[in-house]
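Below: one structure, written as structure tokens.
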Amino acid sequence: KSAMVGAIVPQASSPFFMDLLGGVRDALRRDGFRFVIATVDDEAEMKSMIGEFAARRFNAAVLVPPDEGLTIPRQITGDMRLVSLLSECAGDNVTFIAPDEFRTGQDATQLLIAKNHRSILHLTYNRDSHAIRNRRQGYEQTMRDNGLKHRALIAERDDVITTLRDSKA
């Protein structure tokens, strides 16, 4: 194995991904690894890049999958370890790591309630992902637990908010 670890993300322009991977890079450097970041547009390109990293005998790869539920077959990875961040992947040698997004939704909502806010709107994306789904559920549960009506603005694209959804309180 080489001392190389790869990262594959859907977009390099995202400050969130770059901050996240900057922390990973710093930790790997302290342990003597080199870190390579590649961007992809879709599942096929991600699988191709994983195969390329494996062929170059990378020690491991960190993935931020473009879609939820990506399956990565062993014949692509060989014995290279994969760590999937934020969106769960299926595969024999894939480890999934994500924050407790349900708790994040609860904590953020509870903080606003503690500051005497009663009309709290949840702004989210129209994507089925682990993080988005669980954050929304944490918000909704906390609103229900406090007898408050929950509302969500759903962005159909990253730059356009088009739908307002109300609960039945």
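In this text, all values refer to a predicted model and were calculated from it rather than measured experimentally. The chain is numbered in sequence order, starting from 1. Side-chain atoms are counted along with the backbone in the values below, which use heavy atoms only and exclude waters and symmetry mates.
Considering only residues two or more places apart in sequence or on other chains, Arg25 meets the salt bridge (Lys or Arg N to Asp or Glu O under 4.0 Å) condition with none of them. With sequence neighbours left out, Arg74 forms a salt bridge (Lys or Arg N to Asp or Glu O under 4.0 Å) with Asp92. Taking the side-chain contact (heavy atoms from CB on, under 4.5 Å) definition, one finds that Asp107 meets it with Arg103, sequence neighbours left out. Taking the side-chain contact (heavy atoms from CB on, under 4.5 Å) definition, one finds that Ala38 meets it with Met49, Phe53, sequence neighbours left out.
When only modelled atom types and interatomic distance are considered, Asn59 and Ser2 share no side-chain donor-acceptor pair under 3.5 Å. For the residue pair Arg81 / Thr95, a side-chain donor-acceptor distance below 3.5 Å is found, with atom types taken as modelled.
The aromatic rings of Tyr139 and His122 sit parallel, their planes meeting at an angle under 30°, below the 60° perpendicular limit.
The backbone N or O of Gln106 lies less than 3.5 Å from no partner atom in the side chain of Gln110, so there is not a single donor-acceptor pair. Between the side chain of Asn146 and the backbone N or O of Leu148, no donor-acceptor pair lies under 3.5 Å.
The environment of CZ in Arg56 is sparse: at most 12 heavy-atom neighbours from other residues, nucleotides or ligands sit within 6.0 Å.
Listed by first and then second residue, the ring-ring contact (aromatic ring centres under 6.0 Å, His included) pairs that reach into residues 80-110 are Phe96-His130, sequence neighbours excluded. The ring-ring contact (aromatic ring centres under 6.0 Å, His included) pairs that include a residue from residues 24-47 number zero, where partners must be two or more places apart or lie in different chains.
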